[in-house]
Each structure stands twice: as C-alpha cells, then as structure tokens.
Amino acid sequence: MKKIQSVRGMNDLLPEDSPCWQYLESTVSDLLSRYGYGEIRFPILEPTELFKRTIGEVTDIVEKEMYTFDDRNGDSVTLRPEGTAGCVRACEQHGLTYNQIQRLWYQGPMFRYERPQKGRLRQFHQIGAEVFGLNGPDIDAELISMTWRLWQQLGLTDVVTLQLNTLGTSESRGSYRDALVAYLEQRKDQLDEDSQRRLSSNPMRILDSKNADTQALLNDAPVLHDFLDDESLQHFDQLRGLLDAVGIPYEVNPRLVRGLDYYGKTVFEWVTSSLGAQGTVCAGGRYDGLVEQLGGRSTPAVGFAMGVERLVLLLDAAGVVPDSIARQVDVYLVAAGDVQAEALKLGEELRTHCSTLRVQNHCGGGNLKKQMKKANESGAIVALILGENEVASGEVAIKFLREDKQQQLVSVVEVANFLNHKIFNQ
C-alpha cells in the first residue's frame, strides 16, 4: 500500500527542530508583552470576500495564491493568506476599535499556493503585531524599535538591515501611478513578462521587480517622492528623526513598496543577504484606511509581520541559537536494577525543586550500558544513576556527560540543590 505523504509545501515540524521555534516564539511573545501588546487569536478560515476587499482583487495573492473553496452551504471561504485582514475583521466585529487604542499581536499558520522553496512554503507561519487608534509617527517608531530590540536579543543585528519608505496618501499614490504607467507604457516591450502583466493591474509592484533589466529601466522613471503630499513627508521626516534619536540604523529605499493594496504612508522591511533570494524577514507599515474599508469608522492603523520559517533559517545561518535551546534534556535519570519506583519518585522531586531543568526518566528497562547510551543520545549535561546500592545508602551517582569530570556521589536530599547551584548555576 502506498504511504500517504504530506501535501507539497506543507511541512512537518519534527522534535529536533521544535526547540528553535519555541525559543523564537517565546522570545517574541515575551518582548511583545513587555511593550504592552495583548494576544489575539482569530480563525484560519475566513470569508473570501474579506481578502478580496482588503488585499485587492488584482494582487497576485487573490488572483493566483489563495486556497479558496465553497463550503457545504455554498459560501466561498479561504484559508487566510496573511493576518492583518483577519485581525481587523475580528476587532471590528467585537467593537475593539471604536474610540479605543489597541496594541495586539498574533501568531499562526498562513496559506498561499506558491512554488515551494527554501523559506517560502504553502503553509507558512507568521508572528504579527497591529496597532489601532494612533496616527502619529511615534507608534511607527515604537514598532520598528520593538523589532530592533528583538534582533538584539536574538543576536541578529549584524545580519539584518532596515529599509524605509513612505507611500503617501491614496491621492498622491494615484497621481504617481498615472505618471509611472505613462512612462512604462512607452517602454512596455522592454519590461519582463511579470512586469508587463502588473502594468495594468498593480503598476507600483513593478518598482519591487527582481529583474535587473526592469530595475535599470526604472532609473529614469518618475519618483514617488516627487508626488507626495506635505503631511506624508512630514510624517516620514518625524519618523526618521525618532529612529535617529534611539540610534536605529536604516536605509531609505524609494522603490520599497508592499505587495498589498491597503498600505499607505510608512512602509518598512527588515532584509538580510544571508538567505539568498528570500531576503525579507519582517515587513510592515501603515494601513489607515483598512478599518473603514471593512465598514468601520475611520481608524489609523499600523503593523508588521515576520516569517517564522525565515527567521529560524536566519538563526541557524548566523549560528546564534544557544546550545541550551537545542538541548531538549538537561538531566537523564538512569534506573539500574529494581528501583523504578524510587527513580520515578526522584524524577518528580527534581521537577518540583529544579523547576527550570528538563529531567527525563529512562523508561523501557535495559542494562546500565544501554541506559547510559540513551543518556548520551539525549543530549543531557549529566546522568543521575540510581541503583540498588545508591537507594540503600540514600545517594545518587552524578555522571558528567559533556565534561571530563570525576563521577560524584551526592545525597538524594541534596541532589536538587547540587544540580541547581553546582552544575546549572541557577
């Protein structure tokens, strides 16, 4: 019988990989809570109309990448391709944006039908933050400062670069779009195939083209900055001043646009050259018109999302994951002889008094040699060996598995204190 495989582009996360994910997720969760952000959780499945109205019907996501189908009632539903739209829908549905300021964050899987490649899967995971009710550049700066602090905590500041731009208001973008299309229409035969298609549907995305010939053609194209309104320029100047004040380095990239229709004014991306073509690890910006677009009152909003898979790849490439994170077990408890009950009791006592240590009891029997092999394979720092002689004397043997140290006998009463203070320095 043919074995069933996972759906292409929807990968399993195996036990040896999960510690790095947990490390990243817990670091981000702790940081967001320190900034006063509350977690929100919303469904994976949403009405298709939500994404058509927010992302834009002529974007690649809606046209080609969404997992959309009719449910049993004949309603069109879609697996969420990104998080902002669902977050806005949830806030509006439950009245969270009405005359209120909300700082929110979320995490979970997103779905896009793309060609699977390193760092880009059909089921991928994002962590996002969204703020509603604040229209000044100070909250834009806070979000960027928060991500900068995250890179500091993760040890990634040397491998990421912040790129900034402003897209202005919808009116100024409209004027620029007309000028850009007029310029490119005269040179349409010089554009790559993807850019030719975007010329009639989403021309500003051509600015983000990876085609070298298209980029060269854009050198003489109209510049968005020349079409921006005074308010957007002032907002952008103030944001840059705030980032300068806290010492966050950045590059102004006048060709930086976001792939979704709802962005305006501030946009930003954290990029890296360590992951090849998939260089964006975190991106965001302002979307002041989105709440109103979904039927709510006019509400300023700004946010970002980061790709978990790409960040895990970046952590691995940079070699900054602490050894203690990769290790799943700290202490391995070996039961040599008919002492399973005593070993089980000792394991529970250690979990009580060494609450941060990961203690694994050996199960399944076997002689001492076999159990010690399992202890070594576990990655534990030490093995605690409890045999009949040790039970009789009220002691436990401590064998160092990663250092060339003499095995020691310690009183069972003192073993928790010994592990905490002598070995793991807690």
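Computed from heavy atoms alone, side chains included, the values below leave out hydrogens, waters and symmetry copies. Counting begins at 1 with the first residue of the sequence. Every value quoted in this text rests on a predicted model; they were computed, and no experiment measured them.
Taking 4.5 Å as the limit, some side-chain heavy atom of Ile44 sits within range of a side-chain heavy atom of Leu79. Counting heavy atoms from C-beta on, the side chains of Leu228 and Phe236 never come closer than 4.5 Å. Residues Leu243 and Leu164 form a side-chain contact, since some pair of their non-hydrogen atoms from C-beta on lies under 4.5 Å apart. Counting heavy atoms from C-beta on, the side chains of Asn417 and His353 never come closer than 4.5 Å. Inter-residue side-chain proximity for Phe304 and Ile144 is flagged as unmet; no heavy-atom pair is nearer than 4.5 Å. Between Trp151 and Leu311, some side-chain heavy-atom pair lies under the 4.5 Å cut-off. For the pair Leu31/Met146, a side-chain contact is recorded, criterion being any heavy-atom separation below 4.5 Å from C-beta on. You'll find the side chain of Leu162 stays beyond 4.5 Å of the side chain of Trp148, heavy atoms only.
Formation of a donor-acceptor pair under 3.5 Å by the Asp71 side chain with backbone atoms of Asn73 is found in this model. Under a 3.5 Å cut-off, the side chain of Gln371 and the backbone N or O of Gly366 do form a donor-acceptor pair. At distances below 3.5 Å, at least one donor-acceptor pair connects side-chain atoms of Thr48 with backbone N or O atoms of Val77. Proximity of a side-chain donor or acceptor of Asp288 to a complementary backbone N or O of Ala301 within less than 3.5 Å is detected. Checked by atom type and distance alone, the side chain of Ser172 pairs as donor or acceptor with a backbone atom of Thr169 at under 3.5 Å. Using a distance-only test at 3.5 Å, with no hydrogens or angles considered, no donor-acceptor pair links the side chain of Arg89 to the main chain of Thr84. Judged purely by atom type and a 3.5 angstrom limit, Gln360 has no side-chain atom pairing as donor or acceptor with the backbone of Val329. A donor-acceptor contact shorter than 3.5 Å links the side chain of Arg351 to the backbone of Gly347. Side chain of Arg173 to main chain of Gly168: a donor-acceptor pair is present (N/O by atom type, distance under 3.5 Å, no hydrogens or angles). Listed for the Gln328 side chain is a donor-acceptor partner under 3.5 Å among the backbone atoms of Pro15.
In the displayed structure, Glu185 atom CD is contacted under 6.0 Å by more than 12 heavy atoms of other residues, nucleotides or ligands. Other residues, nucleotides and ligands contribute over 12 non-hydrogen atoms within 6.0 Å of the CD atom of Glu16. More than 12 heavy atoms of other residues, nucleotides or ligands lie within 6.0 Å of CD in Gln100, so this atom counts as buried by the packing criterion. Summarising the local packing, CG of Asn99 is surrounded by more than 12 heavy atoms from other residues, nucleotides or ligands at distances under 6.0 Å.
Judged as a ring-ring contact (aromatic ring centres under 6.0 Å, His included), and not counting sequence neighbours, Phe132 has no contacts. For Glu292, there are no side-chain hydrogen bond (donor to acceptor under 3.5 Å, both in side chains) partners two or more places apart in sequence or in a different chain. Scored by the ring-ring contact (aromatic ring centres under 6.0 Å, His included) test, Phe418 finds no partners at all (sequence neighbours excluded). The salt bridge (Lys or Arg N to Asp or Glu O under 4.0 Å) search around Glu403 returns Lys405, not counting sequence neighbours. Here Glu309 pairs with nothing under the salt bridge (Lys or Arg N to Asp or Glu O under 4.0 Å) rule; sequence neighbours left out. Ser195 is linked by a side-chain hydrogen bond (donor to acceptor under 3.5 Å, both in side chains) to Asp192, counting only residues two or more places apart in sequence or in another chain. Residues passing the side-chain hydrogen bond (donor to acceptor under 3.5 Å, both in side chains) test with Arg80: none are found, sequence neighbours excluded. Here Tyr113 pairs with Tyr67 under the ring-ring contact (aromatic ring centres under 6.0 Å, His included) rule; sequence neighbours left out. Residues passing the salt bridge (Lys or Arg N to Asp or Glu O under 4.0 Å) test with Glu114, sequence neighbours excluded: Arg120. Arg187 meets the salt bridge (Lys or Arg N to Asp or Glu O under 4.0 Å) test with no other residue; sequence neighbours excluded.
From Gln22, atom CD reaches atom CG of Asp17 across 11.0 Å, with rounding to the nearest 0.5 Å. Atom CG of Leu143 and atom CZ of Phe268 lie 6.0 Å apart (nearest 0.5 Å). Here the CG-CD1 distance, from Leu242 to Ile139, works out to 11.0 Å after rounding to the nearest 0.5 Å.
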* Would you check, one step at a time, whether the test salt bridge (Lys or Arg N to Asp or Glu O under 4.0 Å) holds for Glu348 with Lys345? => CA-CA 5 Å; Glu348 293 304 317; Lys345 180 181 177 183; over 6 Å; no

* **Steps toward side-chain contact (heavy atoms from CB on, under 4.5 Å) verdict (Arg310, Leu275)** => CA-CA 8 Å; Arg310 292 186 189 178; Leu275 297 178; 4.2 Å; yes

* Asked: Please walk me through it: do Gln123 and Val7 pass side-chain contact (heavy atoms from CB on, under 4.5 Å)?
  -> CA-CA 10 Å; Gln123 176 178 307; Val7 175; over 6 Å; no

* **From CA spacing to verdict: side-chain contact (heavy atoms from CB on, under 4.5 Å), Ile398, Ile423** => CA-CA 11 Å; Ile398 299 181; Ile423 299 180; 4.1 Å; yes

* To do: Just do the side chain to side chain donor-acceptor pair (under 3.5 Å) check on Glu92 and Thr97 with the steps written out, would you?
  => CA-CA 6 Å; Glu92 187 59 25; Thr97 58; 3.1 Å; yes

* Derivation of the side-chain contact (heavy atoms from CB on, under 4.5 Å) call for Leu50 and Leu294 -> CA-CA 8 Å; Leu50 172 66; Leu294 287 176; 3.8 Å; yes

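Nearest approach of Leu217 to Tyr183, heavy atoms of both residues: O-OH, 2.8 Å. Nearest heavy-atom pair, Pro81 versus Arg112, reported as atom, atom and distance to 0.1 Å: O-NE, 2.9 Å. Closest heavy-atom contact between Ala129 and Tyr106: N-CE2, 4.4 Å. Here the closest heavy-atom approach between residue Pro203 and residue Leu180 is recorded as O-CD2, 3.7 Å. A pairwise comparison of heavy atoms in Ile40 and Ala90 identifies CD1-CB, 4.1 Å as the closest pair. In terms of heavy atoms, Ala343 sits closest to Leu333 at O-CD2, 3.2 Å.
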Side-chain polar contacts of residues 248-255 - donor-acceptor pairs under 3.5 angstrom, sequence neighbours left out - could you list them?
unit_1, atom_1, unit_2, atom_2, d
Tyr250, OH, Arg240, NE, 3.2
Tyr250, OH, Asp244, OD1, 3.2
Tyr250, OH, Asp244, OD2, 3.4
Asn253, OD1, Arg255, N, 3.0
Asn253, ND2, Gln163, OE1, 3.0
Arg255, NH1, Gln215, O, 3.3
Arg255, NH1, Gln215, OE1, 2.3
Arg255, NH2, Leu218, O, 3.3
Arg255, NH2, Asn219, OD1, 2.8

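Among residues at least two apart or in separate chains, side-chain hydrogen bond (donor to acceptor under 3.5 Å, both in side chains) pairs with a member in residues 24-45 are Arg34-Gln153, Tyr35-Arg149, Tyr37-Glu142, Glu39-Arg41.
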